[in-house]
Amino acid sequence: MEIPKAYDPAQAEQDHYERWEKSGFFRPEINEDPNAVKYSIVIPPPNVTGSLHMGHALQHTIMDVLIRWKRMQGFRTLWLPGTDHAGISVQRKVAEQLREEEGTTPLDVGREEFIRRAWAWKEQYGDTITEQMRREGASVDWSRHRFTMDESLSTAVRSVFVTLYNEGWIYKGLRIVNWCPKDKTVLSDLEVKEETKKDGKLYYLKYPVLSVPPAVAGGAVPSDEKSPPATAGGTDFLVVATTRPETMLGDTAVAVHPKDERYKHLIGKIVDLPLTGREIPIVGDDYVDPEFGTGAVKVTPAHDPNDYQIGLRHDLEQLLVMNDDGTMNAAAGADFDGLDRFKAREKVIERFEELGLLERVEDYEITLPVCERCKTVVEPILSDQWFVKMDEMRDMALELMRTEGVPHFSPQVPHEKVYTAWLENLKDWTISRQLWWGHQIPAWYDDDGNTYVAMTAEEAKEKAGGKELKQDQDVLDTWFSSGLWAFSTFGWTGKGNADAPSAMRAEPERKRADEGVRVPSDLDTFLPTDVLVTGRDIIFLWVSRMIMLTKKFVDKKAFEDVIVTGTVLGKDGKPMSKSRKNGVDPIEMFDKFGVDATRIYLASIATGADIKWNDLLIETYRNFANKIWNATRFCLMNSGKSDFDWSTANESERKKYHEERGPHTLADRWINSRLSKTAKALNKALENYQFHEAVSLIYHFFWDEFCDWYIELKKDEITAGNVLASAHIFWVLDIALRMLHPFMPYLTEELWLKLPGSSNDLHHSAYRDAEASIMLTEFPQGKSGEFVDDQAEAEMQLVIDTIKRVRNIRSEMNIKPSDRVEIHVAGSAETQGILAANEAQIKKLARADKLVLTDSLAVPKASAKAVLTGGAEIAVPLEGLIDFDKERERLQNQIAKLDTELQRLNGQLSNANFVERAPAEKVQELRERKNEIEHQTTTLNANVIALE
RNA sequence: GCCGUCUUAGCUCAGCGGUAGAGCACUCGCUUCACACGCGAUAGGUCAGAAGUUCAAAUCUUCUAGACGGCACCA
C-alpha cells in the first residue's frame, strides 16, 4: 500500500466533513436505538457579526469532544448550533455601511429600510462563523440551526415579555441608567466596564451662599424670589468637589451631612448657582460623608444615581442638561447649548476661574464607566426605560443552587461562589435599547399615554378598544432573547407550543406519531441539556439569565453542568484583542498545523485555566498527528505481506480469532492491559471534564507505549508476515484510534477507513446500518478490567528495564550504534524465564547479538554493570572498549542517587512517630523500598570494587 | 474597598497530603528498512518567602511579596 510519508491535514479535512454531514451523522435521528439516552448541548450562540476566535475554537473543541464521545457511547446526541443577532454590533455595522457607501444615516433611510438592510447584511455576512465551524469539524446538527430573530424565537421573546409584564415583573420607568452617547442607547450594568484613569482631576468649586433664607422650605426657589447676588466681600461660600464640573449646570441642590458642625447652620439656606442664574437649596442628607472632599456635595439628580436618590428624598427638581449624543442641551444655558460634554467641562472651569470661584484643582485617580463595546465614557442619565425585576427569578436560581447544587460549575471554585454572590446582589435589569435591529418591544401606546402590552399589534388594538396605537420604538436587549436560548431553540414559543410536533424526528418516533401516539417534542427530549460550555465573561450576562428564565418559563433546569473555560491569552500574556494586535487567528493555525492538532492542543489546556498562546505547543500535537500517521502507515505497509484476508474480519470475528488463535506474546498481553487501563482512565477523565488529563493519557499511550515499545517489540514478527501479529496490532490500533477520535476527528477517520476490515460492522449497535465511519464506532470503555493483566505488565517492565539498562551502558560508554554487544543477566529462575521468552526482542532493541542468562555473573573485569529492580544483575562485557574511570564514575553516580533516597527513607523509618502513626501498608512499602535500595547499592559497590 | 485566582525545570504548563512530572528548548550520540514533524541517552527544580497543622506538606491553614481577575465605589 502506498501511503505518503507525512500526514497532510488539509486533504483529510476536505474529505470527511461533508460526507459526515450529508450522511446525517450529526443528527440525533442517526441513532436507531429507541431506548437510547439523550445527550444534548446547545451552543453559546456566536454573534452574527463575528468570526471565529480562539475562545470559540476552545469551547467548540470541548463541546465536540463531549458530543463525539457520547455519540460513540450510543447516546442520542444533539449539539444544537445557532447565532445571536447582536443588536448593537449589527446596528453599528449597517450604519457604517450606509455612511461609507451612500453617505446616509439610519435616520435618512428610516426604520423599515434600515431593518431590511440589516437582514441583507446578516444574509451576506452572518454565515462566516458557521462556515468556520464546519472547518473545525464541529459535529453540530445543522438542520436545527437557530437564529435569535427566527420567527419562533421571536414569538418566544414576545411571549415572555407579555407574561412578565402581566405578572408585574416588567415595568417601565424613569431611572438613572447607563447611557452610551456614541451608540445612543441605554446599557445594562453588565455592559459597562470600569476603567481607571490616573490623570483625572477633582475640581473644587465655590458656590456663593445667599444670606436670605428661602421663602419656601424645600424645592428649587422660584426665580422671582431671588435675592440680590452677594458681593464678594461678605459672601459665604460653600465649596463642593466634583470630577464632572459640567454637571453643575444641572445641579438642583447642595447636600451636607445634617450633623456636620461646619455646615449644619447652612441647611435650609440658598445657593446662587454660578453660570445658571438659578438658586438652589442646601439640604441635609445622611448620604454625605463629612470626611470626604469638602463635606459638601453638589446634587444633580438627573445625572447621577446617588444624587437621584437624594433628589427623591428632598423632592428636588430633576434637571436634564444633556442630549442623547453627549452634548449639552438648552437647559444647560445658552452658552453651553450644543457643546460637547468634555468641551463644556473646560468651559465651565474657565468661567469659574474668571469668576474667581474655582478654589483649586487636584489630581485625582478616578474610575470611569465606559461602554464595553466602543469604550465611550458612559453617562449616567435619567431616562424612561423598561426594566425586569429580578428578585423572584433570582430567588428561584438561588434555591436551585442551594437544594440541588445546579448548575454544577467546572471548575467549581471560584465560579459557584462568584455566581451566588452576584445573584444575591442582583439589581433590576434594563432591557430596552434605543436601536432598530432586534426584537421591537411589544408595547403600544395611545394618545393618552396608556400602555398596551400584547403579542401582536392587532391584539393590542383590541385591548385598547380599537384606538389607534403606536408601538414602542425601542428593541429588547439582545441578552433578553439569549436568555431564552436554552428552550426557545427547542421550539418553545409560549403557551401550548411546546407540544407542537417537531419536523426533525427520529424515524421510529415519527412512525409512532403517524399511529396517533403522542411523541415527545425536542423540548421534552433535549431539555435540560447536559452541559453548557462557555467563558467566564458571560456567566452573569447569559448563563445566570438562562437559568432563571428557563426555570420560570419551562419550570426546568436549563442544564446540569457548566464548564467554564479559561481565556486564551496572547503571547504577551494579555487577553487577545484587536487593539493590542496580539490575537491569533484559529483559521491560520488550522492552515499551519491542521485542525486536529489545534483541537487537541486546545483540549490539553486544563479546564478553566488561562493559557498563554504558544505556537510551539501546537507543533507538539502536529508532530503527534504525524506520529500516529506513521505508526498506522507502518502497520498498513507491512500487513500486505501476510496472506490473511482482512476484509472479512469484523469485530466479533477478530475477537474470536484472537481467543482461538492465542496465546498472545507477552507484548500483546501487556499492550492489551495498558490499552484497557488507558481506556478506563480516559473515560473517567472525560466524565470529570478533565480534558487535559484525557489528552495526556491518549498521548502517552500512543507515543510512549504503542509506538516506542509495542511496535518495536512486534516489528520483526510483523515484517516477517506473522498473521497473528498483524491481526493483533490492527486490533489495538483500531481501539486506540477510536479513543483519539473525539479529539482528532479528521486524522482518525482518515486512518481508520484505511484499516483492513473497518466497516460498519464495527459500529456501535445504535448505528449498525449507517455508512462506515469511526465516529459511529463504539467508544472503548475499558470496563470491568477486561484485558487487565498485571502479571504481563510486571514482566514487560522487566524486559523494558533490561533494554534500558543496556542502552544506558551503551550510550555512556560511547558504544557505536552499529556495534553489537553481549548481555549477561544473573537472576532468579523466574527472571531468566521471562527474559528468555523475549530474547529476540531484547537483542534487537538493545543491539546485542547474545543474551546469556545465568544464576551468577561470570564476566571479565572489563564489563559495565547495572542492577535491576528485584535484584537481577546485568553485565555488558566491553573488552578493549571500557574506560574504567568512566565506568566507576557511572556506577558511583547511580550509588549516589540511591543513597539520597536511602537517607530519606532511613530518616522516616527511624522516626518512631511515623512508624506508629502512618498507615501500616505505607510503612511496609517504605521498608521494602529500603531493602531494595540497600540490595542495589551493595551490588553496585561490589561492582566498583571489582573494577580495581 | 470587598471577593477570588495564580506564583513548580530556561520557556509554556500539569500535579494539589505520602519517592517532584510533561511538551518545547539545552547537552551527547544516531539518516537503524513507520516517522528527523524522528530514534536513543543525559542534564536541569530547597515547588515565591515566612510561620503553623500533620508521623508526613508543592499539596491543608495563616501571614508577607509579586502578577492577575471579578464586584462595588464618596461627590
Side-chain angles (χ1 to χ4, degrees), chain A residues 3 5-7 189 194 202-203 240-244 247 254-255 287-289 291-300 304 306-307 310 364 366-367 411 413-415 417-418 421-422 425 536-537 539-540 567 569 571 573-575 593 597 601 604-606 608-617 619-638 690 692-693 696 699-700 707-708 711-712 715 719 803-804 807-812 814-818 844-845 847 893 900-901 904-905 908 911-919 922-923 925-926 929 933:
Chain A
I3 303 166
K5 213 170 160 180
Y7 172 51
D189 295 347
E194 300 294 333
L202 190 58
Y203 303 89
V240 297
T242 180
T243 55
R244 295 190 292 152
T247 60
V254 175
Y287 166 80
V288 179
D289 175 4
E291 303 299 314
F292 189 89
T294 61
V297 183
K298 59 189 276 307
V299 182
T300 326
D304 183 281
N306 294 311
D307 293 4
I310 295 175
Y364 187 67
I366 47 169
T367 49
V413 178
H415 300 112
K417 196 174 171 184
V418 173
W422 180 78
N425 295 302
R536 262 195 294 273
D537 50 338
I539 292 178
F540 305 147
T567 309
L569 307 170
K571 291 182 179 81
K574 303 242 168 72
F593 301 106
Y601 164 56
S604 79
I605 301 168
D610 289 351
I611 183 97
K612 260 188 245 185
W613 187 261
N614 188 344
D615 280 5
L616 288 173
L617 296 171
E619 215 173 312
T620 298
Y621 292 101
R622 182 203 55 186
N623 296 350
F624 180 52
N626 193 242
K627 187 72 178 173
I628 292 160
W629 175 266
N630 275 289
T632 309
R633 177 169 177 260
F634 166 79
C635 297
L636 291 170
M637 290 200 317
N638 292 293
Q690 298 294 304
H692 61 296
E693 174 67 15
S696 167
Y699 183 93
H700 289 110
C707 291
D708 285 355
I711 289 182
E712 296 304 329
K715 208 169 231 175
T719 51
I803 294 166
K804 291 188 96 132
R807 282 174 173 174
N808 174 262
I809 288 169
R810 294 186 60 111
S811 178
E812 300 272 316
N814 298 319
I815 311 297
K816 277 191 275 178
S818 52
K844 180 180 165 74
L845 299 182
R847 305 197 142 256
N893 219 349
T900 314
E901 197 182 342
R904 191 181 47 240
L905 289 171
Q908 279 187 276
N911 181 341
N913 275 327
F914 171 73
V915 178
E916 278 168 34
R917 306 175 81 153
K922 196 74 224 168
V923 176
E925 198 183 307
L926 292 197
R929 180 68 189 148
I933 290 173

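Below, all heavy atoms of this structure are taken into account, side chains as well, without hydrogens, waters or symmetry copies. Below, chain A is the first sequence line, B the second, and so on; all start at residue 1.
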State whether [X] places a side-chain N or O below 4.0 Å from either non-bridging phosphate oxygen (OP1 or OP2) of [N].
X	N	result
A:His415	B:rU5	no
A:Lys627	B:rC39	yes
A:Asn808	B:rU42	yes
A:Arg633	B:rA34	no

If you go through the side-chain atoms of A:Glu712, does one of them form a donor-acceptor pair with the base of B:rA34 closer than 3.5 Å? yes

Donor-acceptor pair present, A:Lys5 side chain and B:rA34 base, under 3.5 Å: no

[X] [atom1] to [N] [atom2], straight-line distance once rounded to whole Å:
X	N	atom1	atom2	value
A:Arg622	B:rC35	CZ	P	17 Å
A:Asp610	B:rC13	CG	P	9 Å
A:Glu619	B:rU12	CD	C1'	14 Å
A:Asn623	B:rG38	CG	C1'	9 Å
A:Ile539	B:rC71	CD1	C1'	13 Å
A:Leu926	B:rG18	CG	C1'	8 Å
A:Ile605	B:rG15	CD1	P	13 Å
A:Ile611	B:rU7	CD1	P	13 Å

What's the closest nucleotide to the side chain of [X] if the choices are [options]?
X	options	value
A:Asn913	B:rC55, B:rU42, B:rA75	B:rC55
A:Leu617	B:rA14, B:rU12, B:rU19	B:rU12
A:Lys715	B:rA14, B:rA34, B:rU42	B:rA34
A:Lys922	B:rG18, B:rA75, B:rA20	B:rG18
A:Met637	B:rC74, B:rG15, B:rA34	B:rA34
A:Arg847	B:rU19, B:rU32, B:rU42	B:rU32
A:Lys804	B:rU19, B:rA41, B:rC55	B:rA41
A:Phe540	B:rC71, B:rC74, B:rA41	B:rC71
A:Ser811	B:rC74, B:rG40, B:rA34	B:rG40
A:Asn626	B:rC24, B:rC37, B:rG18	B:rC37

For [X] and [Y], which heavy atoms make the closest approach, and how far apart are they?
X	Y	answer
A:Tyr601	A:Lys612	OH-O, 4.0 Å
A:Phe634	A:Asn638	O-ND2, 2.8 Å
A:Thr242	A:Lys298	CB-CD, 3.6 Å
A:Asp307	A:Thr300	OD2-N, 2.7 Å

To the nearest 0.5 angstrom, please state how far the [atom1] atom of [X] sits from the [atom2] atom of [Y].
X	Y	atom1	atom2	value
A:Lys715	A:Lys844	NZ	NZ	6.0 Å
A:Phe624	A:Tyr7	CZ	OH	12.5 Å
A:Asn626	A:Lys5	CG	NZ	10.5 Å

Report which part of the nucleic acid [X] touches: base, sugar-phosphate, or nothing (heavy-atom distance under 4.0 Å, all strands).
X	result
A:Ser604	nothing
A:Arg244	nothing
A:Asp708	sugar-phosphate
A:Asp289	base
A:Val413	sugar-phosphate
A:Ala609	sugar-phosphate
A:Lys612	sugar-phosphate
A:Ala421	nothing
A:Tyr364	sugar-phosphate
A:Glu693	nothing
A:Arg536	nothing

Within 45° of the axis and under 6.0 Å from the centre of the six-membered ring of A:Tyr699, does NZ or CZ of A:Lys627 qualify? no

By nearest-nucleotide position on RNA chain B, the 5'-leaning member of A:Trp422 and A:Pro414 is A:Pro414

Assign each of A:Pro575 and A:Ile815 to its nearest nucleotide of RNA chain B by heavy atoms, then name whichever residue's nucleotide is nearer the 5' end. A:Ile815

What's the gap between [N] and [M] when it is taken at their [atom1] atoms, as a whole Å value?
N	M	atom1	value
B:rA22	B:rU64	C1'	32 Å
B:rC3	B:rG45	P	39 Å
B:rC60	B:rA67	C1'	23 Å
B:rC39	B:rU31	C1'	10 Å
B:rG17	B:rA57	P	14 Å
B:rC24	B:rU62	C1'	38 Å

Check the pair A:Val299, A:Tyr287 against side chain to side chain contact (heavy atoms under 4.5 Å, CB included), reporting the backbone distance first and the verdict last. CA-CA 11 Å; A:Val299 182; A:Tyr287 166 80; over 6 Å; no

Ring centres within less than 5.5 Å and planes less than 30° apart: is that true of A:Phe914 and B:rC55 in this structure? no

What stems involve RNA chain B, if each pair must be Watson-Crick or G-U and both of its distances must be under 3.5 Å, with 3 or more such pairs in a row? B:1-7 with B:65-71, B:10-13 with B:21-24, B:27-30 with B:38-41, B:48-52 with B:60-64

A:Val254 vs A:Val240, test: side chain to side chain contact (heavy atoms under 4.5 Å, CB included). Steps then yes/no. CA-CA 8 Å; A:Val254 175; A:Val240 297; 3.9 Å; yes

How are the rings of A:Trp422 and A:Phe540 set to each other: parallel, tilted or perpendicular (split at 30° and 60°)? parallel

Does the pair A:Asp610/A:Arg536 count as a salt bridge with the N-to-O cut at 4.0 Å? yes

